2 protein chains.
Amino acid sequence: MTSVLPGRDARRESLLAAADAVVQRDGASASMATIAAEAGITKPILYRHFGDKSGLYAALAERHTDRLLDALVDALTAGGPARVRVHRTIGTYLAVIEAEPQVYRFLMQSEEAVPAQGTVRGFLHRLQDLLTAGIAHELRLPADDLRATVWAAGIVGMVQSAGDWWLESRRCSRADLTDQLTDLLWGAYGVAAG
Amino acid sequence: MTSVLPGRDARRESLLAAADAVVQRDGASASMATIAAEAGITKPILYRHFGDKSGLYAALAERHTDRLLDALVDALTAGGPARVRVHRTIGTYLAVIEAEPQVYRFLMQSEEAVPAQGTVRGFLHRLQDLLTAGIAHELRLPADDLRATVWAAGIVGMVQSAGDWWLESRRCSRADLTDQLTDLLWGAYGVAAG
DNA sequence: CGCAGGTGTTACCGCCGGTAACACTGGGGC
DNA sequence: GCCCCAGTGTTACCGGCGGTAACACCTGCG
C-alpha cells in the first residue's frame, strides 16, 4: 500500500512550499523545471505528486483559499447585527489581502498563472454560496431565493474589485475602505444621488 | 512611405476577423499557427502585423472593449434621474454580454488567453474612471473624491461579477437581474437587513 | 541470492511563440 | 532592355515549455 509511506505528505508539503517560493519570486510564469530545481529534485517527481501543472497550482491555491474562506466564515458568523457582521467580514478580507498581497495577486490576477483559476473559481463560488445563505437567513427568504443569490454574487464582486483597486493605489486606509464599502451596501450612494 | 499602402488596414482587419473566428472556435488556446492558417497565410505575417501574440490579442480585445465602452457611455449620459441612468447602464452591459457571450468570456475569463488582460484591465479602468466622474458629479463632490472612486470600483466589480454568475446559470431574466442590482445599489439589502 | 517496489534520474517528444533567411513580384531610373 | 529595390510571402529553424518513457538505485524480504 502506497498511502502509508512515511514522508509522503510531508514531502508534498515541502514541494508546495518550494513552489510557493518560486511563484512569489518569478511571478506566476514559474516553470515546472524551475520549481523542481528549487525543491532540489527534478520534474518527474513533481508530476508524480501533482499530475500536471494545473494540479500543482490548484494544490497551491487551495491552501490559501481554504485559509481565507475560514477567516471569512468566522467573521461573518460571529455575533452582532447584520451591518456589524458585514463590516467585519469586509475588513477581514481586506486585512488578509493586505497582509499577503503577492499571494492575493497570484490567486486573483496572476497575469499568467491561469491553471489555478479553477480552484479560485471554486473558492469564489463557495464564498458566494455562503453569502447567499447568510443573506437569505437575514432576510428570512428561502435559501435559494433569487434576490439573495444575485446580491451575493454582486457583493462578492464588489468587494473583490474594490480590494483590487485598493491594493494597486493604496489611496486610503483599510478602515476607510471598509467603511465606504459598507456604506455603499447600505445604500449610501442611492440616498445621496436621490 | 509604407503607410499609404492600399490594403494595409483592410488586411489587418481581415486578419483580426480570422483571429476572432479561431478564438471563438478553439476557446482561447488558439495558436498563432492556427490563426494564420485560418487567415490563409503563415505565422510571420501575423507577427509583422501585430508584433507578438499579446499584440494580436490586445488588438482583438480592443475592438470589443471600445464598442462596449461606447455603449455604456451612451447609456450613462443619456437623460433621466440617477437611478434611471444607472438602471439603463446596467441593462446595456447585460444586454451586450448576453448577445455575445463567447466574446465576453474571451475578454473576461478566457481560462487561457491572458495576453489580452492588459487591454481588458485598461477597459475596466476607463470604465471605473467614467463612473467615478459620474458619481462625483451626481453627488457634487470633487472629481477625484475618495468615496466616488471607491464606489465606482465596487460597482464595476459588482455588475461584472453578477453578470458572470448570470451568464453561467441563467437563473433569471435580464430585466430581473437589472432590477435586483439597481435595488442593491440603492440600499435594498441594507434596508431589508436593518 | 534474486526480486519486487518505490525513489530518483536522464533523455526524449511534440508543440508553441518567435525569427532569420531566402524566393517571388512589380515598378522606376538609366 | 536591364538592374535594383521595396514589399510580400514562404520555409526552416531556435529555444523553452509541459509532459513522459525508460532506465538506475536503494532497501527490505523470502
Side-chain angles (χ1 to χ4, degrees), chain A residues 1-20 22-23 25-61 106 110-119, chain B residues 1-20 22-23 25-61 106 110-119:
Chain A
M1 43 186 89
T2 67
S3 56
V4 203
L5 286 180
R8 176 131 184 118
D9 286 10
R11 174 67 121 169
R12 185 184 162 98
E13 273 309 303
S14 87
L15 295 185
L16 278 178
D20 208 288
V22 173
V23 159
R25 165 160 36 90
D26 292 5
S29 65
S31 80
M32 294 296 271
T34 309
I35 293 175
E38 169 80 21
I41 48 148
T42 50
K43 283 197 296 171
I45 301 189
L46 276 185
Y47 283 95
R48 284 219 260 263
H49 271 272
F50 300 104
D52 62 1
K53 183 168 186 162
S54 44
L56 202 177
Y57 276 69
L60 209 50
F106 164 68
S110 71
E111 293 286 331
E112 305 216 18
V114 199
Q117 230 176 34
T119 307
Chain B
M1 44 184 88
T2 67
S3 58
V4 202
L5 286 181
R8 174 130 185 123
D9 286 10
R11 172 70 122 171
R12 186 184 163 99
E13 274 309 302
S14 87
L15 295 185
L16 279 178
D20 208 288
V22 173
V23 161
R25 164 162 38 89
D26 292 5
S29 64
S31 80
M32 294 297 269
T34 308
I35 293 176
E38 170 81 21
I41 50 151
T42 50
K43 283 198 295 171
I45 302 190
L46 276 185
Y47 284 95
R48 284 219 260 265
H49 271 272
F50 300 103
D52 61 0
K53 183 169 186 163
S54 45
L56 202 177
Y57 276 70
L60 208 50
F106 164 68
S110 71
E111 294 286 331
E112 304 216 19
V114 199
Q117 231 176 34
T119 307

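On a predicted model such as this, the values are computed, not experimentally measured, just so you know. Lettering follows sequence order; numbering is per chain, from 1.
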Checklist entry - Which value, rounded to the nearest 0.5 Å, describes the distance between B:Leu46 atom CG and B:Leu16 atom CG? => result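 Separation between the atoms: 9.5 Å.
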Item to check | B:His49 NE2 to B:Arg11 CZ distance, which is reported to the nearest 0.5 Å | outcome: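 Nearest 0.5 Å value for the NE2-CZ distance: 6.0 Å.
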Nucleotide of [options] approaching [X] most closely (side-chain heavy atoms):
X	options	result
B:Lys53	C:dG8, D:dT11, C:dG18	C:dG18
B:Ile41	D:dG18, D:dT10, C:dG17	D:dT10
B:Ile45	C:dC16, D:dG9, D:dG18	D:dG9
A:Pro44	D:dG18, C:dT10, C:dC16	C:dT10

Item to check | Phosphate contact (C:dG8 OP1 or OP2) by A:Thr42 side-chain N/O below 4.0 Å | outcome: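 It does not, given that no N or O in the side chain of A:Thr42 lies less than 4.0 Å from OP1 or OP2 of C:dG8.
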In this structure, how many angstroms lie between the [atom2] atom of [N] and the [atom1] atom of [X], rounded?
X	N	atom1	atom2	result
B:Arg12	D:dT8	CZ	P	14 Å
A:His49	D:dG19	NE2	P	16 Å
B:Arg11	D:dG7	CZ	P	16 Å
A:Phe50	D:dT20	CZ	P	15 Å
B:Asp26	C:dC15	CG	P	15 Å
A:Met32	C:dC13	CE	P	21 Å
A:Tyr47	C:dC13	OH	P	17 Å

Item to check | Member of B:Val22, B:Leu15, B:Ile41 meeting the side-chain contact (heavy atoms from CB on, under 4.5 Å) criterion with B:Ile35 | outcome: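 Testing each of B:Val22, B:Leu15, B:Ile41 against B:Ile35, the sole residue satisfying side-chain contact (heavy atoms from CB on, under 4.5 Å) is B:Val22.
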Next on the checklist: Determine whether a donor-acceptor pair (one donor, one acceptor, N or O, separation below 3.5 Å) exists between the side chain of B:Lys43 and the base of C:dG18.
Outcome noted: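 Pair found.
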Checklist entry - Going by modelled atom types, is there a donor-acceptor pair between the base of C:dG6 and the side chain of A:Arg48 at under 3.5 Å? => result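 No, the side chain and the base share no sub-3.5 Å donor-acceptor pair.
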Checklist entry - Does the ring center of A:Tyr57 lie less than 6.0 Å from the ring center of A:Phe106? => result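 Close enough - the centres of the two rings lie under 6.0 Å apart.
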Checklist entry - Do A:Lys53 and A:Leu56 have side-chain heavy atoms sitting under 4.5 Å apart? => result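 No, their side chains stay 4.5 Å or more apart.
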